[in-house]
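Remarks on the structure that follows.
Residue numbers begin at 1 in each chain, while the letters A, B, ... track the order of the sequences. Atom set for the values below is all heavy atoms of this structure, side chains included, hydrogens, waters and symmetry mates excluded.
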Amino acid sequence: SGTDSTDAASTDSASDYVWTMVTDQAGLGDKGFNDLAKLGLDQSVEELGGKAQVLQSTDQAQYVTNLQQAVTSGSTVTTGVGFLLTDALVEVAQANPDAMFTLIDAIATDEDGEPLPNVASVTFKEQEASFLTGIVAGLTTETDSIGFVGGLEIPAVLRFYSGFAAGVASVNPDATVTPAYVGSFADAAKAKELALGFYDQGSDIVMDVAGGGGLGIFDAAKELGDGHWVVSTDTCKVDLAPDNFLTSAVKDVAGSVLRENTAAADGTFEGGSVELGLSDDGVGLCQDNIDTIPADILEKVDAATTAITSGEIVPPATPEELETFEAPSL
Amino acid sequence: MDIFSISLVLSAIHLAVPIILPMLGGLISERSGVMNIGLEGMMLGGALSAVAITFLTGDPWVGLVGAMISGVVSGGILAVLTVTLRGNQVVASTAINLIGAGLTAALVPIIWGIDGTTPSVPKIPSLEVPGLSGLPVVGPLFSGLTLVDYGAIALAFAVWWVLFRTDAGLRIRACGESAESADAAGIAVVRTRFLAVTVSGVFAALGGAYLSIVALDAFQAGMTQGRGYLALAALVFGKWRVWPAVAVCLAFGLADAFALRSQIVAPQIPHDLLLALPYILALVALATFVGRTSAPAAVGKPFARA
Amino acid sequence: MSTSTPQRPVAASTTPPRQRRASRIDADILAALAARPEPGARGFVSRFVSSVAPAGAGVGAKAGAFLITVSLALLAALPIVYLSGSDAATAIEALLGGSWGSGLAIGETFVQAIPLLISGLAVAVAFHTGLFNIGVEGQLVMGGLAAGIVGATVDLPGPLLLLACLAAGVAGGALWALIPALLKAFRGVHEVVTTIMMNYIAFNVSRFLVSPSGPFVSETQPSATEKIPLEARLAVVAPGTRLHAGLVIAILLVIAVAWLLYRTPEGFRLRLVGANPAAASTAGVSLRRTVVTSMLLSGGIAGIAGAVQVLGVFGRYYDAFSPGYGFEAIAVALLGALSPIGIAAAALFFGSLDAGAVQLQAVAGISREMVSVVSGLVVAFVAAQPAVLRLLRHLRERASARRAPARPTSARRASGTDPKDPA
Amino acid sequence: MTSPAVRLTGVSKHFGPVAANRDITLSVAPGSIHGLLGENGAGKSTLMKILFGMIHADSGAIEVGGAPVSFRSSADALAAGIGMVQQHFSLIPTFTVVENLVMGRGATGWFSRWLRPLDVKTARERAVGLSERFGFGLDPDARCGTLSVGARQKVEILKALWGGATTLVLDEPTAALSPPEAEELYLVLERLRSEGTTIILISHKLPEIVRLCDRVTVLRDGTVVGDREIDDEARTDARARAGLEADLVRLMIGRERPETPSRSARALDTVLEVRGLGDGGRFGPVDLDVAGGEIVAVVGVEGNGQSELIDLLIGASPTRTGSIELDGRPLQGLSTRRRLDSGIAHIPEDRHERAIADDLSLTDNASFGFIDGAPFAPTRFWLGKRARVRFTEILIERRRVRASSPAAPIGSLSGGNQQKLVVGRELARAPRLMIAAQPTRGLDIASTTAVHEALVGLRDRGSAVLLVSLDLTEVFTIADRIVVVRGGRIVGETSTGAADVDRIGAWMSGAEERTAAA
Ligand SMILES: Nc1ncnc2c1ncn2[C@@H]1O[C@H](COP(=O)(O)OP(=O)(O)OP(=O)(O)O)[C@@H](O)[C@H]1O
Ligand SMILES: Nc1ncnc2c1ncn2[C@@H]1O[C@H](COP(=O)(O)OP(=O)(O)OP(=O)(O)O)[C@@H](O)[C@H]1O
Ligand SMILES: [Mg+2]
Ligand SMILES: [Mg+2]
């Protein structure tokens with residue numbers, strides 16, 4: 001539930017670390033970065049001791065309050081999850097220069113655009129992971145028609161989309177990827193109808209970047225049965241529909257949180273921003289069902305991974321970059 | 001590709017039913033003289049109960065019954081607040097919405113130990129109507145709907161029948177038009193309204209259950225996404241009459257389905273604006289040919305005997 | 001012969017209708033009015049306060065009922081506290097500490113209360129005219145958006161820009177209320193359905209304008225406009241807290257709305273139309289004009305609520321910055337019995353819950369969802385408050401009946417006596 | 001001796017501090033018409049609502065046909081054979097006549113109530129049958145909201161009789177009826193009595209009490225102050241009758257009947273000049289002049305154009321044809337507000353609907369139409385309160401309104417006192433033309449006289465008064481001239497002095513034209 005303040009504190013009195021995270025309005029249970037950050041918090045408790053504390057925000061006006069509350073309550077590292085917290089986190093970090101913060105999915109800078117010394121900003125190259133899922137999808141599709149269901153049109157969603165479409169194009173120039181949006185990250189019923197629409201129009205793969213709405217996309221695929229695939233994001237979601245889950249572009253939010261917390265425990269915490277991609281294992285292809293993906297496809301995925309890490313391929317992060325992206329042949 | 005396929009109609013129905021059911025609930029309640037803007041909270045209660053009971057018993061039909069029981073509870077609470085205690089109907093409904101949204105979200109981690117979304121449960125299967133599902137063009141309609149979809153239309157018919165064809169309906173409507181007149185005619189106003197408000201909870205809960213175990217197979221915090229308010233709008237739009245209001249719900253469903261799917265064929269139109277289309281169309285319809293609306297005269301007025 | 005009026009031609013102190021500066025009124029009565037002593041002089045403040053608080057049950061009884069209500073609600077919330085693994089003392093300490101326990105906490109309470117207060121006033125203005133404006137949420141969003149856009153794009157010196165932003169907020173909110181207003185006034189379309197539709201349109205339109213392909217999105221911050229220059233924002237008024245000058249605006253609005261409703265001709269018209277539209281129009285009030293005025297005022301005030309959040313809390317417009325202030329405001333307005341002072345009290349109460357929620361989470365381990373349940377319980381008990389008032393009155397009557405055995409009271413005497421009455 | 005049809009013993013009822021009924025004992029002989037008299041607020045309706053189960057008495061006992069009963073609701077009373085016509089219409093305007101009749105009475109048993117279609121056909125036949133039996137001529141499928149007041153009253157009576165009531169309570173049933181309609185009702189009541197129905201009749205109209213009742217009970221301040229047998233002598237002999245009426249008035253108000261104001265017409269210049277006025281529909285064309293110092297009564301069966309005429313005069317509906325001039329200035333096209341400013345005042349017919357706002361204070365109710373400009377609103381941003389309170393106090397004093405304070409909501413006043421405040425407010429406009437629509441409907445004798453005094457006083461000061469009334473007694477008491485409307489036109493006109501009741505009745509019912517045509 002809301003707070004897990006009792007996890008390990010009593011057993012390990014040697015460490016009085018308090019690992020705190022402040023969610024955005026979506027809160028826990030988003031099956032996305034909030035849940036992943038919570039995982040990182042739990043891992044921190046396991047490996048470093050101390051206790052975890054989650055402060056969920058009901059509204060945007062509470063971000064500052066929650067972050068400040070975290071600092072006041074003696075938080076060792078306070079993780080702000082989501083780009084919506086940027087302004088609030090900057091404000092609180094500047095007011096508490098001695099406190100340590102991690103910001104997920106956005107970069108905290110001062111008025112002059114300089115990174116704050118006490119904030120580790122972690123962003124991800126979602127487009128690199130989704131490029132790989134695009135390769136899997138492009139080689140799997142039999143109808144050459146692929147749907148993309150986004151919750152809202154925000155930059156992270158567009159990074160997923162652009163990388164994915166580029167990945168598809170690089171292995172299957174005949175296939176089309178059509179984006180569509182639900183208008184919310186929480187309306188699974190509408191997301192389902194949108195996915196059904198794609199499948200009905202002849203798509204056999206739908207990519208899910210619909211947040212909580214993903215539930216509906218998986219349900220649509222399950223209902224239609226074999227041959228209707230879902231490509232997902234953030235986490236592996238095999239268990240939602242084992243027969244329809246194709247692959248997922250995952251983000252290692254948990255690992256990043258753990259890494260920053262560990263650095264703090266070791267006394268090596270440093271501010272500044274990092275952008276994690278394939279080369280840092282910050283993003284990647286879902287490994288849970290990797291053995292179900294045919295070897296020839298995996299070959300291409302590996303080739304692309306190499307090309308991306310070496311900088312040979314730079315997957316597009318925006319629709320504009322996608323326009324001008326020259327699909328390499330793999 | 002053609003967007004105007006039978007599956008668009010199917011999609012429209014799927015999107016309309018979870019508005020139709022709470023709308024019918026609101027209609028019953030308001031026809032009896034109690035404004036119910038607590039449909040949203042009641043829906044969430046029904047959605048969660050359906051999943052919880054299905055999770056326990058493995059049978060979604062039992063889950064549906066569980067939802068109905070939760071509707072009796074939430075409707076009953078509203079009835080106690082508004083009819084028995086004569087509290088302000090809008091304030092009481094707001095309480096139902098707050099409690100409904102909060103409690104359902106809070107119970108998920110308490111019951112399942114995870115936040116936000118429950119695990120999948122068995123859902124109510126769609127029904128192959130023998131013979132009809134094989135028909136050309138309309139065939140998919142008869143394989144893509146569940147008993148609950150047909151049930152919703154049956155319930156609409158039942159509500160219409162009871163409200164406008166039977167003695168009980170005349171009593172309910174009399175309470176909604178003038179509690180004093182109904183009282184003078186020997187109608188038990190308090191009992192009638194209590195019953196109507198409680199039943200409205202059942203309908204709203206069924207609407208929530210539709211989302212969680214018919215359309216989907218799990219509960220998600222806040223999954224109703226304002227459909228309770230939309231139901232209220234449809235009810236007013238339909239001038240508190242059953243079939244016009246059902247038609248408005250279907251139109252909302254169709255417009256929604258259209259807005260979603262037209263993105264697939266016309267990705268160049270800004271989708272945010274497409275998604276606003278159903279509401280803009282509704283306004284245009286209201287402005288042009290719907291016009292004057294007036295609520296049952298006694299809605300909002302508590303009744304007390306001297 | 002029993003005609004009591006002297007036989008004198010009718011005299012009216014009036015001017016021809018076109019250049020009217022005065023109501024047509026009997027000269028005789030006017031003279032009597034001038035000759036009549038003022039009723040017992042009372043201080044301006046007490047008179048104003050009593051006119052702002054609605055007539056009816058005594059303020060004491062209301063306050064008492066309110067306290068009872070809140071206590072009952074908190075009692076009913078106890079199971080939730082225990083369910084969350086906390087105990088009553090901790091929870092109450094956290095709630096009170098987080099809302100009133102320190103300067104910072106009080107500041108937070110006010111920060112949370114300000115948007116609820118202002119939008120509660122917006123709801124109330126419409127309610128007084130008999131209009132149920134569920135569209136305050138959409139109007140607030142559009143007001144915030146307009147303020148954010150002006151603040152981010154217009155080049156003006158600080159204070160001027162601030163004023164421009166506030167004006168834009170008013171305009172945005174009022175514009176969003178205009179369509180429902182016109183449809184209600186000229187086509188009789190029920191405002192409930194139109195304002196709900198306008199809400200959805202507002203959410204979609206505002207989202208589009210700051211989406212990646214929208215025209216006003218910030219280069220650095222997704223789903224938001226560019227920042228508004230610091231000088232053009234509502235400054236912090238209590239150093240060390242987040243309490244901003246929106247408080248001043250809120251207080252001014254409480255006074256202005258009270259003034260408008262109870263001390264101006266237009267306010268009289270608004271209330272009259274709400275109390276009985278047919279009587280209003282018979283008395284020469286134009287229903288259309290009044291309905292439009294009321295909705296525009298309501299929308300404009302809602303727009304200020306949005307603008308104040310943008311200018312005082314966020315410094316830029318964020319998509320979905322409102323967690324539903326406009327909806328919660330309905331409860332606030334009704335909890336405040338539609339009186340501006342009552343609304344201020346109700347908003348502070350909800351603000352305390354919101355501010356206390358942070359500590360409830362952090363200290364007592366009660367999740368944000370459970371806090372919403374607690375608010376719901378409070379609202380439920382508030383809804384039942386008339387029953388509490390009735391119960392109080394009943395108990396009092398029973399008690400006084402026991403003390404003094406029933407003394408026959410005539411209907412006539414009870415309703416006041418008139419010394420000149422020959423009866 | 002048979003047991004009384006209804007017997008109330010020691011009935012008391014308090015509303016908060018108000019004792020509406022105190023230890024009332026009343027016994028009604030079967031098959032008789034029993035009158036109930038009393039001033040406004042005397043407790044008549046309360047007592048009858050207690051009998052009908054709508055109000056629970058604090059103490060007291062009820063017997064019906066000799067057997068003690070205890071009614072929890074009107075359903076019980078209906079089942080015991082008691083029907084009641086409420087003082088205020090209790091019909092639902094959006095329902096049809098049949099629906100209003102069967103509502104709450106249709107079915108018993110779970111199945112037939114919730115599932116079986118309502119047997120509208122049988123109900124309609126029964127309604128038509130009943131309606132014919134009494135010569136009501138009602139259309140069973142008409143929506144009640146579209147019916148004339150007289151027709152609605154008939155529906156109310158059918159409703160009370162629907163369940164086969166043997167005791168019928170009628171609370172001021174003729175208050176809204178024109179004389180011919182009231183006459184019809186009298187015949188119905190007499191017929192019901194002859195068929196054995198017991199009737200309790202509440203009325204402020206002494207003539208009808210004397211004509212119909214076998215016995216009458218008078219209430220004052222919630223207690224029974226007297227009981228009178230009415231015999232044939234009182235009905236036939238003018239002196240005996242005058243004596244009885246005076247006696248009843250004394251019982252009711254504790255003093256002699258107040259004098260009615262004298263008539264001293266002196267017509268001055270024309271104030272109101274109406275030419276060819278029409279609303280583009282069924283009303284008009286109408287020509288009408290009212291001079292200063294003159295009271296002109298518009299009479300007719302309800303629904304024959306009276307309200308259309310008023311709406312056109314005050315600007316509530318647009319003038320489609322013709323012209324209206326006030327003191328030579330055209331009014332058509334002006335808003336209601338402008339017309340009030342030009343010197344029109346209006347006492348609306350339906351007080352609760354158009355004259356007052358129940359929830360607002362007396363002060364606010366007294367301010368209608370006085371809120372723009374001096375003396376109360378010197379600027380657009382200031383509407384004084386203290387001056388308005390003083391103004392209200394003046395009205396309360398002058399019109400003898402019984403009210404606890406100017407701050408009390410007007411809904412807490414009795415109807416008579418509400419009406420007195422409205423009259424005071426309209427008089428305060430110093431109108432050139434006063435439009436008074438049914439200004440004394442439902443008022444007791446003292447209040448009625450007060451209103452009449454006010455109107456006559458206004459006339460005597462040179463204003464024009466247009467009195468729209470159904471009460472011919474009132475018309476003959478204060479009007480100088482009478483015009484009769486039917487079907488949206490003026491069909492007859494006479495000075496009061498030369499007026500002949502039968503002729504006026506013939507104009508109203510249209511018999512005059514029919515004879516002329518024949
Ligand atoms: N709803 C309304 N119904 C009737 N009168 C109104 C209404 N609203 C405003 N007014 C009147 O209009 C005035 C303000 O509006 P405005 O300035 O347009 O009118 P005015 O100057 O008084 O009259 P005119 O119509 O001659 O210009 C107020 O003083 C008030 O008397
Ligand atoms: N529901 C009520 N609540 C409070 N007071 C009431 C209520 N009903 C009646 N009264 C009061 O009880 C008294 C008796 O009222 P009632 O209606 O019986 O008078 P009435 O004799 O019928 O008068 P009228 O001739 O005006 O109809 C009045 O003082 C009235 O104000
Ligand atoms: Mg002007
Ligand atoms: Mg009465």
*Applying side-chain contact (heavy atoms from CB on, under 4.5 Å), run through C:Leu33 and D:Arg388 and close with a yes or a no.*
CA-CA 9 Å; C:Leu33 211 49; D:Arg388 289 193 295 133; over 6 Å; no
Look up atom [atom1] in [X] and atom [atom2] in [Y], then write down how far apart they are to the nearest 0.5 Å.
| X | Y | atom1 | atom2 | result |
| --- | --- | --- | --- | --- |
| C:Glu266 | D:Leu383 | CD | CG | 11.0 Å |
| D:Phe368 | C:Asn276 | CZ | CG | 7.0 Å |
| D:Arg337 | C:Ser281 | CZ | OG | 13.5 Å |
| D:Ile371 | C:Thr264 | CD1 | OG1 | 8.5 Å |
| C:Thr282 | D:Ile356 | OG1 | CD1 | 12.0 Å |
| D:Asp341 | C:Ser23 | CG | OG | 7.0 Å |

_Set out, in order, the CA-CA distance, both residues' side-chain angles and the distance that settles salt bridge (Lys or Arg N to Asp or Glu O under 4.0 Å) for D:Asp359 and C:Arg271, then state yes or no._
CA-CA 10 Å; D:Asp359 298 335; C:Arg271 290 188 298 123; over 6 Å; no
*C:Phe268 versus D:Ser367, closest heavy-atom pair with distance*: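 Smallest heavy-atom distance, with atoms named: CZ-CB, 3.8 Å.
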*asked:* If I compare all heavy atoms of C:Trp259 with all of D:Phe381, which pair ends up nearest, and what's the gap?
replied: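 So the minimum-distance heavy-atom pair works out to NE1-O, 2.8 Å.
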*asked:* Show, in sequence, the C-alpha distance, side-chain angles and deciding distance for D:Asp372 and C:Arg269, and conclude whether the salt bridge (Lys or Arg N to Asp or Glu O under 4.0 Å) test is met.
replied: CA-CA 10 Å; D:Asp372 289 311; C:Arg269 277 189 280 270; 3.0 Å; yes
What part of [X] gets closer than 4.5 Å to chain C, counting heavy atoms only: side chain, backbone, both or neither?
| X | result |
| --- | --- |
| D:Ala316 | neither |
| D:Arg425 | neither |
| D:Asp364 | both |
| D:Leu413 | neither |
| D:Leu360 | side chain |
| D:Ser361 | neither |

*Max heavy-atom pair count under 4.5 Å with chain C, selected residue of D:Gly343, D:Ala408, D:Gly43, D:Gly222*: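 Option with the top pair count is D:Gly343.
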*asked:* With a 3.5 Å distance limit and no angle check, can you tell me whether C:Arg24 reaches the backbone of D:Pro431 through a side-chain donor-acceptor pair?
replied: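 Not confirmed, C:Arg24 side chain does not pair with D:Pro431 backbone.
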*State plainly whether the residues C:Asp28 and D:Arg398 are in salt-bridge range, i.e. N to O under 4.0 Å.*
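D:Arg398 and C:Asp28: salt-bridged.
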